[in-house]
Amino acid sequence: MKKTRLAVLVSGRGSNLQAIIDTIESGDLSAELAVVISDQAGAYALERAEKHGIAAMHVSAKGYKGRRDEYDALLAEKLRGENVELVCLAGFMRIITPTLIRAFPNRILNIHPSLLPAFPGLHVQKAALEHGVKFSGCTVHFVDEGMDTGPIIIQAVVPILDRDTEDTLSTRILKQEHVIYSRAIQLFAEGRLVVQGRRVVVSDGKTSTTEFLMNP
Ligand code: GAR
């Protein structure tokens with residue numbers, strides 16, 4: 001099977017990037033990492049890429065204040081230059097503009113640490129705890145022109161425990177992020193994701209047979 005050429009866009013520690021690299025190296029993901037791009041100099045994610053011999057770039061956003069679409073045009077140019085087929089945002093802490101989205105229609109994925117559409121934005125594990133929901137989790141979705149609003153590909157549910165802090169909850173959610181991101185990318189690589197309006201149907205897919213979850 002032909003390998004999908006991926007770019008991963010990061011801003012920080014890059015644990016999701018690491019999970020993607022590990023899954024590719026274990027042979028369970030038919031993808032090759034063309035490039036890792038960070039908007040932050042010194043992001044640990046760049047070091048992770050370099051350790052694995054993957055091209056790593058810092059594309060500084062300095063000088064692009066109020067000109068986000070120009071920064072995104074620069075990103076699009078770099079991604080095209082690497083013949084990227086799928087762009088994965090993994091802790092990329094910038095809102096991307098239509099300039100980038102239209103350059104890669106239905107070819108940009110994002111991972112978010114909540115069960116969207118609940119808790120979009122930032123500090124979402126804290127928000128879930130404060131709201132008192134009994135389940136949270138994570139979501140991989142296609143990126144559209146809204147914030148955290150695009151069609152949902154896959155979600156994993158994580159129960160919230162009475163003793164949870166923002167830290168403990170974030171850690172358990174992150175563990176599932178590392179599983180579902182690679183799974184979503186593999187489904188994309190296999191050409192099995194069919195976007196029908198807001199719904200993403202997985203062709204030949206098995207959906208969950210769990211009838212319900214209850215907590216407590
Ligand atoms: C992850 O939890 C990811 O879901 C979140 O940032 C973290 C990055 O961690 N992304 C967002 O909140 C996007 N709105 P990582 O750098 O270790 O992959």
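Remember, it's 1-based here, ligands and their atoms both numbered in the order they're listed. Not measured: the values here are computed from a predicted model.
Considering backbone and side-chain N/O atoms, Gly14 comes within less than 3.5 Å of an N/O atom of ligand 1. Of the N or O atoms in Asn110, none lie within a sub-3.5 Å distance of an N or O in ligand 1. No N or O atom of Gln125 sits closer than 3.5 Å to an N or O atom of ligand 1.
Of all atoms in ligand 1, numbered sequentially from 1 with element shown, those under 4.0 Å from a heavy atom of Met93 are 6 (O), 10 (N), 11 (C), 12 (O). Near Glu177, meaning under 4.0 Å from any of its heavy atoms, are these atoms of ligand 1: 1 (C), 2 (O), 3 (C), 4 (O). Shown in contact with Ser15 at under 4.0 Å from a heavy atom are these atoms of ligand 1, numbered in order with element: 15 (P), 16 (O), 17 (O), 18 (O).
Between Leu193 atom CG and Asn106 atom CG the span is 9.5 Å, to the nearest 0.5 Å.
In this structure the side chain of Leu46 reaches within 4.5 angstrom of the side chain of His58, judged on heavy atoms.
If you check which protein heavy atom lies closest to atom 14 (N) of ligand 1, you get His112 ND1, 3.4 Å. Here the protein heavy atom with the shortest distance to atom 8 (C) of ligand 1 is Gly91 CA, 3.6 Å. Of the protein's non-hydrogen atoms, the one nearest atom 5 (C) of ligand 1 is Pro113 CD, 3.9 Å. Among all non-hydrogen protein atoms, the one lying nearest atom 9 (O) of ligand 1 is Arg13 NH2, 3.2 Å.
Around atom CZ of Arg199, no more than 12 heavy atoms belonging to other residues, nucleotides or ligands sit under 6.0 Å away. For Lys2, the NZ atom sits in a packed shell: over 12 heavy atoms of surrounding residues, nucleotides or ligands are nearer than 6.0 Å.
Contact annotation: Ile111 has at least one heavy atom less than 4.0 Å from an atom of ligand 1.
Judged as a ring-ring contact (aromatic ring centres under 6.0 Å, His included), and not counting sequence neighbours, Phe142 has no contacts.
Listed here is the closest heavy atom pair of Ile154 and Ala184: CG2-CB, 3.8 Å.
A salt bridge links Lys126 with Glu130: the closest approach of a Lys/Arg side-chain nitrogen to an acidic carboxylate oxygen falls below 4.0 angstrom.
Under the 6.0 Å distance and 45° angle rule, Arg107 does not count as a cation-pi partner of Phe188.
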